[in-house]
Amino acid sequence: MTYPKFLKVIKFDVCDSTNNFLKKNYREFQNEFPVLITTIEQTKGKGRETRNWFSEKNKGLYSSFAFFIKNKKNLNLLSLIAGICVSEVLNKISKNDFIIKWPNDVLYKNKKIAGVLIENVIFEKKIVSIVGIGVNLNHKQIDFPDELKESAISLKIITGKSYEVEKVNMKLSRLFFKWLEKLEKNEREKIIKKSNELGSLFKGKKILFHNKDKIIKGIYRGINKEGGLVLEQDNGIESIFFSGEIRL
Ligand code: BTN
C-alpha cells in the first residue's frame, strides 16, 4: 500500500477511545479504507493488557488507523512497523535517541513516550487491523497522574518546545504507509533490521519477560525473522515469544 492519495481522516474533539470507535464503526468506512481517526481528547483511552492510556485534552496524539491486512502472516511485523514509524517521527522532529522496547513501546532513557495498541477483527473473511497510537507530546511532568510521573515522559519535557499534534499526525501517517508498503512488498528483512537497530540497547541485557501469568528471566537476544522476541533463558536455551512484555 503506497501512501494513499486520499487518506480519509476523521477528527474528533472528544472520543472515548479511537480504537473503540473503529471497532464499533469500521463497517461504515470499509469502502474508504485506510482511515485515520484522531481526537483531541480521549475519555477512556486504552492501553495494552488492561491498562488505561492517559489522554488529556490537547496534550498528546491519539490516533487509530484502520485498513485491511491481506496476509495474516504479516501481523507480527505490523506490530513492529508501528513502533518503527513512531520512533522515526520522534527522532526526525527532535533529533533525540528514541528507542523501541519490543514490540513497539517507544522510550526515551527508559521512560515511555509512546505506545501502540493493535486490535484485529475479522470482517467477511478479511482481517481489519486497527492500529492505535498514543504519543505524549505537550505534557509537563506535573500533568501526568502520580502513577505515571516516574515512568512517562513527553517530547516537551525533553526539548522544552510545544508541538502541533496535526503536523505530527501527518508525518506519522506518511511513515506508517511507507513501512506498510514495505510489508506488503514482503521486504520483511528491512523491517526486522530496523526494529532490531532501534531496540539494540536491550541486546545482551538481562530482562524480566512477562508472558501471560509467568515472569521469565533471561537475556534479550533481539528479534527473529518472524518478528518474535528471542529470550535466552538460564539453561542457555533460546525461546521465541510473540506476545508478552519486557518489564524494566
Ligand atoms: C500501550 O502502550 O499500552 C498502548 C497505548 C495505546 C494508546 C492509543 S491512543 C489512541 C488509541 N486509542 C486508544 O484507546 N488507545 C490507542
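Note that ligands are numbered from 1 as they come in the structure, with each ligand's atoms numbered from 1 the same way.
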Open item on the list: To check your reading of the model: name the closest protein heavy atom to atom 2 (O) of ligand 1, its residue, and the distance in Å.
Closed with: K112 NZ, 2.6 Å

Open item on the list: Any side-chain to backbone donor/acceptor pair from K167 onto Y163? Under 3.5 Å, distance only.
Closed with: no

Open item on the list: Give the atom numbers and elements of ligand 1 that come within less than 4.0 Å of a heavy atom of D105.
Closed with: 2 (O)

Open item on the list: Side chain, backbone, both or neither: which applies to S55 and ligand 1 if a contact is any heavy-atom pair less than 4.0 Å apart?
Closed with: neither

Open item on the list: Counting C-beta onward and ignoring hydrogens, is there a side-chain heavy-atom pair between I84 and K178 closer than 4.5 Å?
Closed with: no

Open item on the list: Considering both backbone and side-chain atoms of K46, is one of its nitrogen or oxygen atoms within less than 3.5 Å of a nitrogen or oxygen in ligand 1?
Closed with: yes

Task: Pair T38-K11, side-chain hydrogen bond (donor to acceptor under 3.5 Å, both in side chains): steps then yes or no - done: CA-CA 5 Å; T38 181; K11 296 176 188 173; over 6 Å; no

Open item on the list: Has E164 got a side-chain atom pairing as donor or acceptor with N169's backbone, closer than 3.5 angstrom?
Closed with: no

Open item on the list: As a test of understanding, state which of N19, D16, N20 forms a side chain to side chain donor-acceptor pair (under 3.5 Å) with K46.
Closed with: N20

Open item on the list: Looking only at protein heavy atoms, which one is nearest to atom 11 (C) of ligand 1, and what is the separation?
Closed with: T18 OG1, 3.3 Å

Task: Lys/Arg N to Asp/Glu carboxylate O, R247 vs E49, below 4.0 Å - done: yes

- [ ] Number the atoms of ligand 1 from 1 as they appear, then name those within less than 4.0 Å of a heavy atom of G115, with their elements.
- [x] 2 (O), 4 (C), 5 (C), 6 (C)

Task: Protein residue, atom and distance nearest to atom 5 (C) of ligand 1, heavy-atom basis - done: W53 CE3, 3.4 Å

- [ ] Would you check the N or O atoms of R48, main chain and side chain alike, for any that come under 3.5 Å of an N or O of ligand 1?
- [x] yes

- [ ] Flag the pair E147 and R51 as a salt bridge only when some basic side-chain nitrogen lies within less than 4.0 angstrom of an acidic carboxylate oxygen.
- [x] no

- [ ] May I ask you to list the atoms of ligand 1 that are less than 4.0 angstrom from any heavy atom of G134?
- [x] 7 (C), 8 (C), 9 (S)

Open item on the list: Only heavy atoms of S17, strictly under 4.0 Å: list the atoms of ligand 1 that pass.
Closed with: 12 (N), 13 (C), 14 (O)

Task: Under 4.0 Å to a heavy atom of I133 - the qualifying atoms of ligand 1, by number - done: 8 (C), 9 (S), 10 (C)

- [ ] Report the residue from F176, F29, F33 that forms a ring pair (Phe, Tyr, Trp, His ring centres under 6.0 Å) with F67.
- [x] F176

Task: Subset of ligand 1 atoms that lie under 4.0 Å from at least one heavy atom of S64 - done: 11 (C)

Open item on the list: Test your reading of the model: is there a side-chain donor-acceptor pair from S94 to the backbone of L90, 3.5 Å cut-off?
Closed with: yes

Open item on the list: For the 3.5 Å polar cut-off, considering only N or O atoms, please tell me whether Q42 and ligand 1 meet it.
Closed with: yes

Task: For G45, the ligand 1 atoms whose distance to one of its heavy atoms is below 4.0 Å - done: 14 (O)

